[in-house]
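Structure record follows, encoded as structure tokens.
Please read all numbers here as calculations on a predicted model, not as lab measurements.
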Amino acid sequence: MRNLKLFRTLEFRDIQGPGKPQCFSLRTEQGTVLIGSEHGLIEVDPVSREVKNEVSLVAEGFLPEDGSGRIVGVQDLLDQESVCVATASGDVIVFSLSTQQLECVGSVASGISVMSWSPDQELVLLATGQQTLIMMTKDFEPIMEQQIHQDDFGESKFITVGWGRKETQFHGSEGRQAAFQMQMHESALPWDDRRPQVTWRGDGQFFAVSVVCPETGARKVRVWNREFALQSTSEPVAGLGPALAWKPSGSLIASTQDKPNQQDIVFFEKNGLLHGHFTLPFLKDEVKVKGIFVCLFPLMAFFSFSLAVQLWTVGNYHWYLKQSLSFSTCGKSKLVSLMWDPVTPYRLHVLCQGWHYLAYDWHWTTERSVGDNSSDLSNVAVIDGNGVLVTVFRQTVVPPPMCTYKLLFPHPVNQVTFFAHPQKSNDLAVLDASNQISVYKCGDYPSADPTVKLGAVGGSGFKVSLRTPQLEKRYKIMKIKGLLTWIEEDLFLAVSHSESSPRSVIHHLTAASSEMDEEHGQLNVSSSATVDGIIIGLCCNSKTKSVALQLADGQIFKYLWESPSLAVKPWKNSGGFPVRFPYPCTQTELAMIGEEECVLGLTDRCRFFINDIEVASNVTSFAVYDEFLLLTTHSHTCQCFCLRDASFKTLQAGLSSNHVSNGEVLRKVERGSRIVTVVPQDTKLVLQMPRGNLEVVHHRALVLAQIRKWLDKLMFKEAFECMRKLRINLNLIYDHNPKVFLENVETFIKQIDSVNHINLFFTELKEEDVTKTMYPPPVTSSVHLSRGPDGKKLDLVCDALRAVMESLNPHKYCLSILTSHVKKTTPELEIVLQKVHELQGNAPSDPDAVSAEEALKYLLLLVDVNELYDHSLGTYDFDLVLMVAEKSQKDPKEYLPFLNTLKKMETNYQRFTIDKYLKRYEKAIGHLSKCGPEYFPECLNLIKDKNLYNEALKLYSPSSQQYQDISIAYGEHLMQEHMYEPAGLMFARCGAHEKALSAFLTCGNWKQALCVAAQLHFTEDQLAGLGRTLVGKLVEQRKHIDAAMVLEQYAQDYEEAVLLLLEGAAWEEALRLVYKYNRLDIVETNVKPSILEAQKNYMAFLDSQTATFSRHKKRLLVVRELKEQAQQAGLDDEVPHGQESDLFSETSSVVSGSEMSAKYSHSNSRISARSSKNRRKAERKKHSLKEGSPLEHLALLEALSEVVQNTENLKDEIYHILKVLFLFEFDEQGRELQKAFEDTLQLIERSLPEIWTLTSQQNSATPVLGPNSTANSIMASYQQQKTSLPVLDAELFIPPKINKRTQWKLSLLD
């Protein structure tokens, strides 16, 4: 649905050349044109408007002086820097452009009618006057000569076995004699010049020749291959014309056919058979098509003798006339020849008889209305000859070539423009080939316009609810160059170019007052503005009314059309620098990006620019809608960006091929899709496929943006319908703005007004906030205007909607109310069943109400029938149970006996049985406790079985026997769980003191044990025995102070208590007891010797620790040095085996499967894996201190860390022994111990940085695994760190902490 728009025109009038031009060729690299006449050859530069070269063929004798000579072909030879010229007299001449030399490379005595070069310029074909074809190489060496007329069909001759012959077919009213009639051949057209016509296929492998057969007098088309072998001959076609062209794609050959009442363009296949046609919009003999010139498919140009040059294109198997260029039938403006540029797409070169050269650059554009509100009908206009096909996409999606309605005109249409006013965007103006502008406006008109014809929406049986436009007036205007913009109600902007200088003029066209003719008028130039440069593009922003001009050199200017001076100034970016496109853009738009108005441009090479910054190079089409930019790309995606918060960098990142966009921005589309239009205030995006068919998609970004707008405006119905159709999660209605939704729940209910839709909303509700997961709002968007209220979302929404529905009409919304109970986080099925039961008992008279049967049937869709049955049973209402069971698939033989049994039971026992059946054991024991003492054994068994002790204790008073029995059972249960202290407390609470004493003895709680013993009235001997038992347990637990206290207070043995305190190094507590009982002799006999012995033990321990630390430290440094040397020498290339390999096989996937299986190759088949015993053994041997072991450095680190921790733990003990050494005047021993411990600590502190280096810590923190790792990177990392830190031993590389604040040193010993 695109139109062909004139991009720019290059014109060179009154070329100073001799004679009359006959043909021309292009020098694409130099940008010059070679023109041949009856006197010679000239080379002109249309840009600089000068003649570069002039060669006289008359002076050299190749052309006669009387002007009767004719050049039949001119070809630029790129690789030879020369031009080949063929004359009708038979000479083939080569003119060297570098040496300016002429050379006749060959001559044909019978003359030459056609010279045609292959596309690769490797072969040249000559048609001679003797009706022969001569093929030569590019060096003009003859290859072969053949007759142009062949009797044979060719190598692709069809093979028939006689089936379906004409003689055997039925001929209807013509009778049997029609089978034997001879086919009559019509002669060539009267105006046919009978010259051969040659055309090559795009790849140069085949060429076709159209000649007049001397036997029949009719034209035939023969196809030859590159080896000059005839391939096929066309079937007889009456009235076949001389025009011939092969599509570059190679599929079809185009020609013309005159029929009795019409003229067609026909297409041949390579095998000579006809393949389709279309009819030209002319009367019989009105035009004579002289030539057909095919550009890049699907564009085709027809060269008519009299009228014009017409440009046609095909889409969806329909041919459209897109442009019509008028020329005179005689004089200087008579057409001589034309051709498409072989390099630049859609550039048409035209040569006229009066030495007038023109070059037209065309580009594709989509003419769509530019409104941004719901009044815009999203019109798209397509030019088709004398009509404009308009499709209204807001109401109908009509695939081309059909349309909503068609506007009819007396002349071919060349341009369509819509009114650039947001409120009147449906009005359009049409410029036709006669330079008339027809203005159509939409409105309420009493009568239909005869120039507006309904298309696909019309016909019998259809009621058209469409406002079609009316022709308001036709205006005659000056000749313009294709850039027409309707910018105000009575103002058009038009562009014209100067013929003598590179300047453009912008004209303001306004309607002249005319009272005589209401249908026709005149647009006069009210004012003009001159611009230095060729304007190739003009775009207008309908919101800001800004107008941007694009010049041929890429400069962008801002046209101040509203100012009195009509100023033109450079368009500047946010930095204040002028904007300039590096390449000319065929499509330009204005858009607000953030707070800046920018110029968007797209080149014909798919390069997309914002201002002068290239943001993408794979964009095939784009459109700006409201605050969105939509683009299609070569990667078959459609991307949508919000321009309100976007920047150039975010757009570049989003369009880069290696960037992964989220699902809201990017959408996959069909290959080759292009944007046609976006429906304003809707979610429809219309795309066109390469063949021409349409596809309507709803881009997620547009959908969510429109839904958010509807929700902000409290238009819940529109939002809900859109979300339901396009499968958008309905949670967005609440999550978009929870506070506003809860404040307008009644509005939501009234707008939806459908029980089914409200139920659908309920069923999709979930706790997830979809604005944070599925549909995150755009960056810096203010979508969340307020936080939702505290509490669970499901409960809040269900309660709020249910309250409103119950206040509005509880009978109408009965099913929705039930759904609101079911959808809560904890389904309120009992309430639901109760409401259904109420419906059964009291049927409402409201016509909108539902019956209990319907409600229950609906409820079974939401809840599993077994679950609903269980909940109904839990209500203890047997009528409700029966009602649910009858609607389920349960067999009555299953539930009726069970229900009958329950009905016979006492109420509490009945409910106990139901709760036990439903596994509601807490309720079950509650009901059973009310049944009487005779049921307590059953209750106690259930309590023990289900571990319901805490719940059961709440049901009985503490003074009851049942409470005591449950407590004892609870204590025994705790004893079985090895929870001895809680068990003892439970026994003590219920008075079971013997069991409490046993529990406290087991857990070692000597204080509670002695308390219970006192309650049991133990004698002194029993207390002493109990005390000595407790002492044994406390000594095992190294609680010497507690054990001494028990011995002293309960066993009355203070001497043994002192010995225990000395054994536990509790020096000060031992001295307290010595002085308490005035036994100073113990000081000399036990205390002092124990202190001195402890000092010696500490000294020996410190010496041992210091020696061990120094030895391991020295060995660690040696091991590290050996590792560095091995790495430098490349000795670590082998994969480590032994214990490290075992470790890797268990903790990672680095070691291969073959190595894993090799470890168990010696085992028999019964061993499937390591036993737990072997695994513990491997763990113990994992860090071996044996020299040379694979993980020796880890074992050394572990041993050093253990020494440091042991030394750190000695500080408190050293401090206490130093105090008693000083007290008993053992100063020398005290100083010796203090000095030794201080030296040990200093050694450790100095060595820590050397042992736990920064490098080892960094290596340990190097990430080997992770989401960004690959198999190769993991393997390489392990190869570099073969003997480095395994995952399980990372803590070994962390240095142990030393607390320097701990007080251990006695200053009195300094």
Side-chain angles (χ1 to χ4, degrees), residues 1101-1128 1131-1132 1136 1138-1144 1146-1148 1150 1178-1214 1236-1266 1274 1277-1305:
F1101 180 76
L1102 290 177
D1103 291 342
S1104 173
Q1105 292 293 92
T1106 304
T1108 302
F1109 187 85
S1110 301
R1111 184 175 69 255
H1112 289 340
K1113 172 189 171 184
K1114 182 178 180 181
R1115 179 58 188 170
L1116 179 63
L1117 298 178
V1118 172
V1119 170
R1120 287 179 176 173
E1121 185 178 357
L1122 290 175
K1123 283 186 62 179
E1124 292 178 1
Q1125 294 175 359
Q1127 290 177 357
Q1128 293 175 0
L1131 298 178
D1132 61 336
Q1139 298 299 329
E1140 186 180 13
S1141 297
D1142 293 349
L1143 177 66
F1144 283 160
E1146 294 178 10
T1147 59
S1148 68
V1150 176
E1179 288 294 329
R1180 289 196 299 269
K1181 291 186 176 181
K1182 183 175 64 175
H1183 298 158
S1184 174
L1185 288 172
K1186 182 179 178 181
E1187 292 188 4
S1189 63
L1191 299 178
E1192 183 186 1
H1193 68 295
L1194 294 181
L1196 291 170
L1197 282 175
E1198 187 176 18
L1200 289 167
S1201 179
E1202 185 178 357
V1203 171
V1204 174
Q1205 293 297 338
N1206 291 337
T1207 306
E1208 178 70 14
N1209 294 336
L1210 279 179
K1211 287 183 177 180
D1212 191 54
E1213 296 180 26
I1214 295 293
F1237 191 66
E1238 186 175 14
D1239 293 343
T1240 303
L1241 287 179
Q1242 290 178 356
L1243 173 64
I1244 290 174
E1245 291 177 2
R1246 289 196 307 267
S1247 304
L1248 284 182
E1250 300 179 40
I1251 299 171
W1252 286 276
T1253 59
L1254 183 62
T1255 305
S1256 65
Q1257 295 178 43
Q1258 289 177 347
N1259 290 339
S1260 68
T1262 303
V1264 176
L1265 305 174
I1274 295 172
S1277 179
Y1278 275 113
Q1279 289 292 338
Q1280 293 174 4
Q1281 307 174 22
K1282 288 176 184 174
T1283 56
S1284 64
L1285 171 67
V1287 178
L1288 299 179
D1289 298 316
E1291 67 275 4
L1292 294 180
F1293 281 82
I1294 301 174
K1297 296 181 180 180
I1298 296 179
N1299 190 358
K1300 296 183 179 180
R1301 297 181 179 180
T1302 303
Q1303 179 65 33
W1304 66 270
K1305 192 174 183 181

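No hydrogens or angles considered: nothing links the side chains of Thr1240 and Thr1207 as a donor-acceptor pair under 3.5 Å.
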**Asked** Going through the distances and angles, do Glu1121 and Val1118 end up as a side chain to side chain contact (heavy atoms under 4.5 Å, CB included)?
**Response** CA-CA 5 Å; Glu1121 185 178 357; Val1118 172; 5.6 Å; no

**Prompt:** Are Phe1109 and Ile1244 close enough, and set up right, to give a side chain to side chain contact (heavy atoms under 4.5 Å, CB included), and what steps lead you there?
**Reply:** CA-CA 8 Å; Phe1109 187 85; Ile1244 290 174; 4.2 Å; yes

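A 4.5 Å side-chain heavy-atom check between Trp1304 and Glu1238 finds at least one atom pair inside the cut-off. With a 4.5 Å cut-off on side-chain heavy atoms, Phe1237 and Leu1102 count as touching. For the pair Leu1122/Gln1125, a side-chain contact is recorded, criterion being any heavy-atom separation below 4.5 Å from C-beta on. No side-chain heavy atom of His1112 sits less than 4.5 Å from a side-chain heavy atom of Leu1116. Here the side chains of Leu1241 and Lys1211 are in contact, with some heavy-atom distance below 4.5 Å. Using a 4.5 Å heavy-atom threshold, the side chains of Thr1106 and Phe1101 count as separate.
The salt bridge (charged side-chain N to carboxylate O under 4.0 Å, His left out) analysis of residues 1240-1250, with sequence neighbours excluded, yields the pairs Lys1113-Glu1250.
Interatomic distance, NZ of Lys1123 versus CD of Glu1192, reported as 11.0 Å (0.5 Å rounding). In this structure, CG in Leu1196 is found 9.5 Å from CD1 in Ile1251, a value given to the nearest 0.5 Å.
Contact detail for Ser1110 and Leu1243: the closest heavy-atom pair is OG-CD2, 3.7 Å. Of all heavy-atom pairs between Gln1205 and Lys1297, the closest is NE2-N, 4.3 Å.
Heavy-atom contacts from other residues, nucleotides or ligands closer than 6.0 Å to CD of Glu1202 number 12 or fewer.
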